Amino acid sequence: GRRRSSEDARRRARRSDCRCLPRACRAHSRSAFVPPSMSPDDVAAAAAAAAASERTGAVLSGDEVGRMGAEVTKRGAPLPRAKLLSSCACCRGDIQPGEVIYPVEQRAGRRSRAGLEWLHWPCAVGMGEGGAPPPIPICKHFARSGQCQYGIACFFEHPPAVGIEAERRALARKSDPNAKVANRGDGRRNRVKNDSRASVMRRWLLDTCGVEMLRQGSGVLDVAGGKGELAWELVNLNAIPATVLEPRPLDFASCAGKFSYGIYWRNPIFHRYLHCSHDPAQAAEAPWHLRLLLDLPVLAWASGAGDKDGDEVFANGGRAARALRWTRKGLHEDGEVEQADEEEEVPGQPPPPSAPPLPPPDPCDGVAREEGALAAAPNEEGMGDGDGGVEQEEGGHGDGRAVDSATRALELIRGCSLVVALHPDQAAEPAIAMALALRKPFAVVPCCVYATEFPKRRLPGGAKVRTYEDLVEYLQGLSPHIRTTELDFEGKRTLLYMTPADVAAAAGSSPQGE
């Protein structure tokens, strides 16, 4: 028990002292930079002294450690100092905040997200040859994308050959987006590094649309928002109203934890994307939650194309959402769970869900052509914006603010400034259809194709929609004004969007001319 208490205290210290965003540079998550202050000769002398002290077991003073040099690369990047209480991977002694530290590649049998281990500077010098530390590891972000937002200030290496290889992989993904590139060894499922996709999408929205435009009306409508991370960030980091249209309860535990520790504010690179100051005493605000399926009746009601009573459609959509359960065999209605061998419910499992049968009306002039479209986030690649979604008590909204009336729901949908959908699975086409019907800007990143669930989808030449590339082409064909771009995360990242200017152009070219 005493050892566990010590480990818990150390973990809390790490959380409270960290000064970097996890995705901004995970390799720097234990470090802060100090300015270089020594000549190369002084660095060499200090390194030799450190090696000697390590061999003799002498303890270096703080001044001696500071004199050991903050410059070890040809670019002159400084050595990092620890900001967290941690342990040295070499001597197993404590690394105190403020000590000079050094990273090495992770040894076999150990696992961490950054793939690095941190040492005392004297320990690192003792591990090298001739009084020099081991080679500086390659920057993980540069190796992944060929870019690093720290630039020359990054402590880690940026070999040109690595950057060229990253660019080659990017071109290969564009030329063959359905190809699978092994990154974890043969026989193992690929690891998709897109944990911060909601933040990437949020920054794109701010750069493209601007915060004032996004704040208009009822704010952003997030279709199939999963846990609700994107909407939560918009509300609490940018003061942009947001609503999540999602059939499952929301879960903001991870966001709230990062908010309370100030992690969103720790990296100055992203400060321009923050419009709220950090106040640990201030409680975070939850976005609105429309716990509905975006099926054909709801789509027709929301877009004004249906003739059914709004209260009835809202109630039926809510009941359909609450009847869904995630099991190891996918998405099932309550009555189907027993037929699935009474599998234990497992939130966020990747198998593609099966959609319940829905009525045939087509509300958007042929845009949403398939039956069974619904807003459900997780997918077969584990990339859905809602992976790990929570299952709570029946009828609950999780952490979201419940919308319990059809009138309020319609206000939030029709009054939104923009429709967004990040890996919405089957709801990709309904989200675009709703935005087009309401003449709203939108940004949608489709993920899974679900060719067997949508067999009637056809490309202009008559071919069936079977691949991700086909799906993007099919969705872009819903309007000649839809544009595409690529977001900066791994996995499915093609963004289909229309800006307010595109919406205005589409309205001007419509037969009504409105």
Side-chain angles (χ1 to χ4, degrees), residues 18 20-26 149 193-216 218-246 248-280 282-290 377 383-390 397-401 412 416-424 431 441-445 487-489 493 495 497:
C18 178
C20 291
L21 272 175
R23 185 188 180 281
C25 203
R26 269 191 206 113
Q149 297 198 44
K193 300 179 180 179
N194 58 8
D195 297 324
S196 298
R197 58 191 176 274
S199 296
V200 174
M201 171 67 90
R202 178 175 60 86
R203 292 194 290 268
W204 184 90
L205 292 175
L206 292 170
D207 285 337
T208 306
C209 301
V211 66
E212 296 302 328
M213 177 266 169
L214 296 174
R215 288 174 178 170
Q216 294 176 4
S218 59
V220 174
L221 177 64
D222 186 6
V223 175
K227 290 184 178 180
E229 182 179 1
L230 174 58
W232 188 97
E233 289 189 8
L234 289 169
V235 170
N236 292 283
L237 304 184
N238 306 107
I240 296 173
T243 303
V244 185
L245 197 159
E246 163 64 41
R248 295 169 302 157
L250 307 183
D251 181 9
F252 305 138
S254 176
C255 301
K258 290 188 284 187
F259 180 85
S260 63
Y261 289 113
I263 292 178
Y264 291 108
W265 288 267
R266 286 177 178 172
N267 196 318
I269 289 179
F270 299 125
H271 280 183
R272 64 191 181 97
Y273 296 105
L274 301 174
H275 298 89
C276 304
S277 59
H278 177 232
D279 183 3
Q282 180 180 355
E285 182 180 354
W288 291 103
H289 182 199
L290 285 171
M383 298 185 306
D385 191 43
D387 51 342
V390 298
H397 285 260
D399 296 336
R401 289 192 292 168
L412 292 172
C416 71
S417 59
L418 176 138
V419 176
V420 64
L422 179 57
H423 292 172
F442 65 86
V444 175
V445 180
L487 296 181
D488 184 22
F489 55 77
R493 57 178 184 169
L495 173 69
Y497 69 99

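Throughout, residue positions are numbered sequentially from 1 according to the sequence presented. The figures here come from the full heavy-atom set of this structure, side chains too, leaving out hydrogens, waters and symmetry mates. All of these numbers come straight from a predicted model, not from anything done at the bench.
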Apply side chain to side chain contact (heavy atoms under 4.5 Å, CB included) to [X] and list each qualifying residue two or more places apart in sequence or on a separate chain.
X	answer
Cys416	Ser218, Leu221, Val419, Lys440
Gln282	Asp279
Ala256	none

Distance from [X] atom [atom1] to [Y] atom [atom2], nearest 0.5 Å?
X	Y	atom1	atom2	answer
Arg493	Met201	CZ	CE	13.5 Å
Thr208	Leu418	OG1	CG	10.0 Å
Arg203	Ser196	CZ	OG	7.5 Å
Ser260	His278	OG	NE2	6.5 Å
Leu422	Leu487	CG	CG	8.0 Å
Leu495	Trp204	CG	CH2	4.5 Å

If we ignore hydrogens and angles and just use 3.5 Å, is the side chain of His289 paired with the main-chain N or O of Pro249 as donor and acceptor? no
For Leu230, is there any backbone N or O sitting under 3.5 Å from a side-chain donor or acceptor partner on Arg202? no
All side-chain hydrogen bond (donor to acceptor under 3.5 Å, both in side chains) counterparts of His275, not counting sequence neighbours: Asn238
Which pair of heavy atoms, one from [X] and one from [Y], lies closest together, and at what distance?
X	Y	answer
Pro424	Val223	CB-O, 4.2 Å
Asp399	Ala253	OD2-N, 3.9 Å
Leu214	Ile240	O-CG2, 3.5 Å
Leu250	Gly226	CD2-O, 3.3 Å
Tyr497	Ala443	CB-CA, 4.1 Å
Gly400	Ala286	CA-CB, 4.4 Å

May I ask you to say whether Glu229 pairs ionically with Arg197, meaning some side-chain N is under 4.0 Å from a carboxylate O? no
Hits for salt bridge (charged side-chain N to carboxylate O under 4.0 Å, His left out) against Asp207, two or more places apart or cross-chain, chain-then-number order -> Arg272
With a 4.5 Å cut-off on side-chain heavy atoms, are [Y] and [X] touching?
X	Y	value
Lys227	Ser254	no
Cys255	Tyr264	yes
Gln149	Phe270	yes
Phe252	Pro287	yes

Indicate, with yes or no, if the rings of Phe259 and Trp265 have centres closer together than 6.0 Å. yes
Contacts of Phe442 that satisfy ring-ring contact (aromatic ring centres under 6.0 Å, His included) - sequence neighbours left out: none
Thr243: which of Asp222, Leu290, Val235 passes side-chain contact (heavy atoms from CB on, under 4.5 Å): Leu290
